[in-house]
Asker: 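Got a structure for you, written out below as structure tokens; questions coming shortly.
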Number of protein chains: 2
Amino acid sequence: MSSSAEKHDVFQAIADPTRREVLRLLAEKELPISEITSHFTMSRTAIAKHLHILSEAELVSGHKVGREKRYRLQPETLKELKQWLSFYEQFWSNKLTKLKHVVENPEENNIKGI
Amino acid sequence: MSSSAEKHDVFQAIADPTRREVLRLLAEKELPISEITSHFTMSRTAIAKHLHILSEAELVSGHKVGREKRYRLQPETLKELKQWLSFYEQFWSNKLTKLKHVVENPEENNIKGI
DNA sequence: ATTATATAAAACCATTTGGTTTCATGTCAA
DNA sequence: TTGACATGAAACCAAATGGTTTTATATAAT
């Protein structure tokens, strides 16, 4: 699944549906691996690997409590994603920006007949 | 790389750095495949495949103009991502929500000494 | 009519991904 | 101290991913 250092970023981490589901679970509360696993059909080992990837991306953090390892959400990391998104937001949300874009790119508009 | 129908979603599509770079390029203006390719070191075929994936995810759309196929950004699709993000936003941006979260999950706080 | 350009489509390939099973280790409870 | 529980780690595997090269086809330009 993975292994080496600093490999997974936020974009890769959230690409997998299972990992997104794990994030949802951890949004509610901190949970140990076994309890997270109980919400899925796949093996505990598979979930543990997903948690490693999420951890590499710093979307979650784990700490041991007794014999269990509890993971919690690290939501601040998603700011990175929000910032990436904000760049594109102008292209749909702002009518004026959209108009500006259209004016500056006349070749996109089928007005060649004029 | 891919092929079948309706396979790639937005999350998968933006997971690849090359594809994010392609989106950046198309944010400025509509471009034909060959011109997009000129911004990368990899082959045109590879870029074409990336464009297919972006197209499947409806992040871009292509239309033929003469012998070239021009792709343009379809930014509205990113709303989906924004909505996904908005759920998590409460966990970092809103101090009150954060406090609520803390209060409702006492086991996360190391106050066992009290 | 011929040649150059732009893309499409297919076959192929190495690596990564997402899963499994098995075995080892640390911790709690009786 | 002896199980039972929770995890870690390794070996293995099929399928997906991200690339390549080759061949074919449609359009543009001379």
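Residue numbering restarts at 1 for every chain, and letters A, B, ... go by the order of the sequence lines.
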Asker: Reckon A:Lys69 has a side-chain N or O less than 4.0 Å from the OP1 or OP2 of D:dA6?
Answerer: no
Asker: Under the rule for salt bridge (Lys or Arg N to Asp or Glu O under 4.0 Å), what residues qualify as partners of A:Arg44, not counting sequence neighbours?
Answerer: none
Asker: I'd like to know if A:Arg20 and B:Asp9 make a salt bridge, using a cut-off of under 4.0 Å between side-chain N and carboxylate O.
Answerer: yes
Asker: Of all residues at least two apart in sequence or in a different chain, which pass the side-chain contact (heavy atoms from CB on, under 4.5 Å) check with B:Ser43?
Answerer: B:Thr45, B:Ala46
Asker: Test A:Leu23 against A:Ile14 for side chain to side chain contact (heavy atoms under 4.5 Å, CB included), laying out the working first.
Answerer: CA-CA 9 Å; A:Leu23 292 180; A:Ile14 66 167; 4.2 Å; yes
Asker: Roughly how many Å is it from CD in B:Glu56 to P in D:dG18, rounded to a whole number?
Answerer: 12 Å
Asker: So, using salt bridge (Lys or Arg N to Asp or Glu O under 4.0 Å) as the criterion, who are the partners of B:Lys69 when residues are at least two apart?
Answerer: none
Asker: Could you check how far NE2 of B:His63 sits from P of C:dT7, rounded to whole Å?
Answerer: 12 Å
Asker: Check this one for me: any side-chain N or O of B:His8 less than 4.0 Å away from OP1 or OP2 of D:dT17?
Answerer: yes
Asker: Does C:dG19 have OP1 or OP2 sitting under 4.0 Å from an N or O in the side chain of A:His50?
Answerer: yes
Asker: The criterion is side-chain contact (heavy atoms from CB on, under 4.5 Å); which residues satisfy it with B:Glu21, sequence neighbours excluded?
Answerer: B:Phe40
Asker: Would you kindly compare A:Gln12 and B:Ala48 by the position of their nearest DNA chain C nucleotide and give the one closer to the 5′ end?
Answerer: B:Ala48
Asker: Tell me the interatomic distance from A:Leu51, atom CG, to D:dA9, atom P, rounded to whole angstroms.
Answerer: 14 Å
Asker: How long is the line joining CD1 of B:Ile36 and P of C:dT7, in whole Å?
Answerer: 9 Å
Asker: Holding to salt bridge (Lys or Arg N to Asp or Glu O under 4.0 Å), I want the full list of residues that pass it with A:Glu68, two or more places apart in sequence or in another chain.
Answerer: A:Arg70
Asker: For the helix from C:dA1-D:dT30 to C:dA30-D:dT1, what angle separates the axis at the start from the axis at the finish, each from five pairs, in steps of 10°?
Answerer: 20°
Asker: Going by salt bridge (Lys or Arg N to Asp or Glu O under 4.0 Å), name the residues that satisfy it together with A:Arg67, two or more places apart in sequence or in a different chain.
Answerer: none
Asker: Separation of A:Leu31 atom CG from D:dA6 atom P, in whole Å?
Answerer: 14 Å
Asker: Output all residues satisfying ring pair (Phe, Tyr, Trp, His ring centres under 6.0 Å) with A:Phe87, sequence neighbours left out; order by chain, then residue number.
Answerer: A:Phe91
Asker: For the pair made of CD in B:Glu68 and C1' in D:dA29, what is the distance, rounded to whole Å?
Answerer: 14 Å
Asker: Rounded to the nearest Å, what distance is computed from the CD atom of residue B:Glu35 to the P atom of nucleotide C:dA6?
Answerer: 10 Å
Asker: Tell me, for nucleotides 21-30 of chain C in 5' to 3' order, what letter each nucleotide earns: B for a base near a protein heavy atom under 4.0 Å, S for only sugar-phosphate near one, - for neither?
Answerer: B-----BB--
Asker: Grab the CD1-C1' distance between B:Ile47 and D:dT20 for me, whole Å please.
Answerer: 13 Å
